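I have placed the structure first, in the form of structure tokens, so that the comments after it can refer back to it.
Here the structure is a predicted model, which is why all the values come from computation and not from measurement. Remember, it's 1-based here, ligands and their atoms both numbered in the order they're listed.
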Amino acid sequence: MGIHLKIPRNHVRAHSLKKREAVIRAEEKGILAKAGLIAHGRGEAFDYLIGETSIPPAIFATKAAVASLILAAHPVISVNGNVAALVPREIVRLSKVLNAPLEVNLFFRTRRREEAIKSVLLKAGAKEVLGVGRDASATIPELFSERRRVDPRGIYSADVVLVPLEDGDRTMALKRLGKFVITIDLNPLSRTAQSADITIVDDIVRAVPNMIEAYKELKDLSREELASLLTRFDNRKNLSEVILYIRDRLKILSEGEHL
Ligand code: ATP
Ligand code: MG
């Protein structure tokens with residue numbers, strides 16, 4: 001067991017420390033690979049730059065993402081160790097409201113980790129979890145070894161996939177398979193962020209509840225209205241907005257202002 005700190009509630013980094021605790025625990029329980037801890041750290045650094053809040057371009061991307069998931073014929077939500085560690089209940093809730101199945105989708109696939117993530121999701125209220133064991137029998141062409149395995153009933157046959165914290169090679173492979181790819185990634189410069197159709201640059205801990213809220217707002221819109229929201233969304237332009245937001249924020253901070 002690792003050392004678990006008692007985090008005072010008013011600590012300035014309380015939210016961030018709680019998330020660290022959650023990923024450390026998940027690693028100890030075999031839910032998260034060690035590399036997942038490092039990925040978390042990279043995310044934290046970008047969260048610091050955006051100010052640990054859901055910025056306007058993230059909210060816009062969240063709405064576009066939910067619109068495309070509502071319009072999808074066969075939407076699927078991918079779950080890896082970081083997602084299971086940080087937002088198990090929220091991702092199950094999102095899967096239910098969108099009627100989009102959950103699929104365990106791992107960069108470092110081991111049977112033990114697949115089962116550990118499945119059991120976290122079942123405990124959080126999921127009825128079914130795809131992509132475990134022999135269910136992950138389809139392969140994404142051009143990818144090597146265990147990284148390419150997906151469920152034929154899930155990601156393989158999906159039209160729209162939500163792949164939070166995904167790897168760049170796999171995102172590009174999903175694009176080549178003709179999928180409409182939505183990601184949640186704090187790094188606006190990652191290959192995943194740059195190659196997805198919709199990139200929500202936000203912490204998954206804020207983004208998934210925001211998606212559930214956006215669903216409530218959008219669920220009664222017509223298909224035409226949802227489609228027009230999507231037409232107005234341009235991922236390149238939105239990522240530029242994120243980078244400009246960071247630039248402007250750093251400029252203000254560099255001038256000695258406190259935000
Ligand atoms: P890519 O392979 O897309 O070029 P990468 O190799 O830099 O990206 P990976 O480790 O493959 O990064 O993917 C993890 C991504 O998840 C990182 O870009 C990181 O910023 C992001 N990330 C980590 N924690 C969170 C979080 N809590 N919420 C959202 N994004 C996160
Ligand atoms: Mg990567």
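The shell of residues lying under 4.0 angstrom from ligand 1, judged by heavy atoms, includes Asp167. Residue contact check for ligand 1: Asp202 places a non-hydrogen atom closer than 4.0 Å to it. Within the structure, the closest approach of Glu44 to ligand 1 does not fall below 4.0 Å when heavy atoms are considered.
Within ligand 1, the atoms closer than 4.0 Å to a non-hydrogen atom of Thr192 are 3 (O), numbered from 1 in the order shown. Of all the atoms in ligand 1, the ones that sit under 4.0 Å from a non-hydrogen atom of Gly168 are 1 (P), 2 (O), 3 (O). Atoms of ligand 1 found under 4.0 Å from any heavy atom of Asn187 (numbered from 1 in listed order, with element): 18 (O), 20 (O).
Polar contact check, Leu165 against ligand 1: no nitrogen or oxygen pair lies under 3.5 Å apart. Taking distance alone, with nitrogen or oxygen atoms compared against 3.5 Å, Asp185 approaches ligand 1 more closely than that limit. Looking at ligand 1, you'll find an N or O of Asp203 within less than 3.5 Å of one of its N or O atoms. In terms of polar-atom proximity, Ile204 is counted as a contact of ligand 1, with an N or O under 3.5 Å from an N or O of the ligand. For the pair Leu186 and ligand 1, the shortest N or O to N or O distance falls below 3.5 Å.
For the pair Ala124 and Val92, the tightest heavy-atom approach, listed with the atom from each and the gap, is O-CG1, 3.7 Å. Contact detail for Met211 and Ala65: the closest heavy-atom pair is CE-CB, 4.2 Å. For the residue pair Ala193 and Asn235, the shortest heavy atom distance occurs at O-ND2, 3.6 Å. Nearest heavy-atom pair across Arg149 and Arg109 is O-NH2, 3.4 Å.
Counted within 6.0 Å of CZ on Arg89, heavy atoms from surrounding residues, nucleotides or ligands total 12 or fewer; the atom is thus considered open.
In this structure, Arg93 does not pair ionically with Glu90, as no charged nitrogen and carboxylate oxygen lie closer than 4.0 Å. A salt bridge links Lys63 with Glu217: the distance from a Lys NZ or Arg NE/NH1/NH2 to an Asp or Glu carboxylate oxygen falls below 4.0 Å.
Using modelled atom types and a 3.5 Å distance limit, the side chains of Asp185 and Thr192 yield no donor-acceptor pair.
Screening Arg113, Arg111, Lys118 for a salt bridge (charged side-chain N to carboxylate O under 4.0 Å, His left out) involving Glu115 leaves a single residue, Arg111.
Nearest protein neighbour of atom 13 (O) of ligand 1, counting heavy atoms only, is Glu166 O, 3.7 Å. Protein heavy atom at the shortest distance from atom 7 (O) of ligand 1 is Arg42 NH1, 2.5 Å. Nearest non-hydrogen protein atom to atom 23 (C) of ligand 1 is Ala39 O, 3.1 Å.
No continuous path of ILVMFWY side-chain contacts below 4.5 Å connects Leu130 to Ile140, so the two sit in separate hydrophobic clusters.
Atom 9 (P) of ligand 1 lies below 4.0 Å from none of the non-hydrogen atoms of the protein.
Under 4.0 angstrom from ligand 1, there are no non-hydrogen atoms of Asp47.
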